[in-house]
Number of protein chains: 2
Amino acid sequence: MTLKTLAIMGCLEDYHYITGSSVGKKLGVSQQVSSRWLRELEEMELITVVTGIRKRGIIISSKGEDALRKEYMDYKNIFSKENRSIILEGGVTSGFGEGGYYIYIPEYKEQIETMLGYTPFRGTLNIRINNHYTEHYHRLLSMDGKKLSGFHKNGRTYGDVKIFEATVNEDVCAVLIPERTHHDRILEVIAPFEIRKKYNLIDGMNVKIKVFI
Amino acid sequence: MTLKTLAIMGCLEDYHYITGSSVGKKLGVSQQVSSRWLRELEEMELITVVTGIRKRGIIISSKGEDALRKEYMDYKNIFSKENRSIILEGGVTSGFGEGGYYIYIPEYKEQIETMLGYTPFRGTLNIRINNHYTEHYHRLLSMDGKKLSGFHKNGRTYGDVKIFEATVNEDVCAVLIPERTHHDRILEVIAPFEIRKKYNLIDGMNVKIKVFI
DNA sequence: ATTACTATATTTCGAGTAT
DNA sequence: TATACTCGAAATATAGTAA
């Protein structure tokens, strides 16, 4: 609520000099409370504060913008239910994304096989989402999908992972999204075949994925 | 928050039979609390509840839908206002940045004139982006803009250059960003007039640029 | 199985006030 | 003038449990 108010006041675009009591007035709380809320937003790294002599310059960080955008996407999804799929486009990229190892871990792999009804090829295709599809990507992040349940093993925690059925060039595949992703705009795609080989993909080539939601 | 969750669960379209604990689980609170919240929503006439034997059928009222839509519009305004420009601030600096020579090269100059509709002053203003605006700078780097096409000449390769329309103190100008920049945080600004002279700028003085994306 | 009351625990608020 | 601390008051959450 506070963050949204700051955004409406223009803190997404640029630094704004804002006092605790002015935000408090807008939010209907006291100066003490709104000052504390601002401090908490700063501790959560949702805003960046530049301390001046008498005023504080406040700007919403990219993490804060993500949080707002997530909220925005929730509402957008609510009011546009008709779209059953989200299309994403991006360039093939090498190396593991944050979660490229899922299909190597038996506990995940079994769940994947049960959900999708096939054994995925042992390797994921990583796609760096194009700028034009950023909004689609964020919309996808905000969707509820089927979920691979997390677990503990060898003292490590493996979190929940969302899984969406999808297609590449009409071929069935699936997209994996860790619940607590860093939003690094890398999409992990798995399929019952080796996508890279079937379409002779090399790094940088563009691929379109249609994700069913 | 509760109302939004109900909407996501589908209560906008039709009655859904929902228990306090299922909503509580989604919201991360106890059954007692979410049951109370549902009651409060009903008292506020934001939802309509049909009491059954074991479950309650819940649908969001038109008053509730209005409330959600108002929230949606807040976010929509935030992002449709914000997404059109990026503000950058930095100190005027002398010497050529990596690409300060563009407007001296006829092949680029012609394209610039066609795209902007004016003849730029023969000289660029270089701005060293302040630390506080690093994030904005990187955001700009990642944007797709209009593009000056690269070419070959005298055995040399001249790369693509992105160009963005912008303003300095409400005066029209433009920002040039080579596709393969070293990201040295120097912004190259051109305008139909001599910016330095018009604003009596000397090295180190701060300038704010509003870039349209 | 679900709702909701009661008692208790926890969190949050804001006036007063120092910095 | 603005921020932020202290502390009693008020609001809110949860466990246990009755309906």
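Only a predicted model underlies this, so the values are computations on that prediction, with no experimental measurement involved. No hydrogens, no waters, no symmetry mates; every other heavy atom, side chains included, goes into these values. Residue numbers begin at 1 in each chain, while the letters A, B, ... track the order of the sequences.
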Quiz item: Can you find a side-chain donor-acceptor pair between B:E45 and B:S61 that sits under 3.5 Å?
Solution: no
Self-check item: Centroid-centroid under 6.0 Å between A:F151 and A:Y108 rings
Solution: yes
Within the sub-3.5 Å range, which N or O atoms of nucleotides 7-13 of chain C have a protein N or O partner, and how far apart are they?
residue : atom : partner : partner atom : Å
C:dC13  : OP2  : A:R36   : NH2          : 3.4

Quiz item: Going by atom types only, do A:E13 and B:S85 share a side-chain donor-acceptor pair under 3.5 Å?
Solution: yes
Quiz prompt | Gap between atoms CG and P, on B:L27 and D:dT12 respectively (whole Å) | solution = 16 Å
Quiz item: How would you list, by chain and number, every residue that makes a salt bridge (charged side-chain N to carboxylate O under 4.0 Å, His left out) with B:K25, sequence neighbours excluded?
Solution: none
Quiz prompt | Rounded interatomic separation in angstrom, taking CD1 from B:I18 and P from C:dA1 | solution = 19 Å
Exercise. Calculate the interatomic distance between B:K25 atom NZ and C:dT2 atom P; express it in whole Å.
Key: 10 Å
Exercise. Report the C-alpha separation of B:F193 and B:Y118 in whole Å, then their side-chain angles, then the decisive distance to 0.1 Å, and conclude whether the ring-ring contact (aromatic ring centres under 6.0 Å, His included) test is met.
Key: CA-CA 10 Å; B:F193 58 93; B:Y118 59 79; 8.9 Å; no
What does the list of N/O pairs under 3.5 Å between the protein and nucleotides 16-19 of chain C look like, with a distance for each?
residue : atom : partner : partner atom : Å
C:dG16  : O6   : A:Q32   : NE2          : 3.1

Practice problem: Give the rounded distance in Å between these two atoms: CD1 of B:I58 and C1' of C:dT3. | Solution: 12 Å
Practice problem: Using Watson-Crick or G-U wobble pairs with both distances under 3.5 Å, give me DNA chain D in dot-bracket, 5' to 3', with [ ] for crossers and | for pairs to another strand. | Solution: .||||||||||||||||||
Quiz prompt | Sub-4.0 Å heavy-atom contacts from residues 5-15 of chain A onto DNA chain C, ordered by number | solution = none
Quiz prompt | Partner set under ring pair (Phe, Tyr, Trp, His ring centres under 6.0 Å) for A:H16, not counting sequence neighbours | solution = none
Practice problem: Find the distance A:H16:NE2 to D:dA2:P and express it as a whole number of Å. | Solution: 17 Å
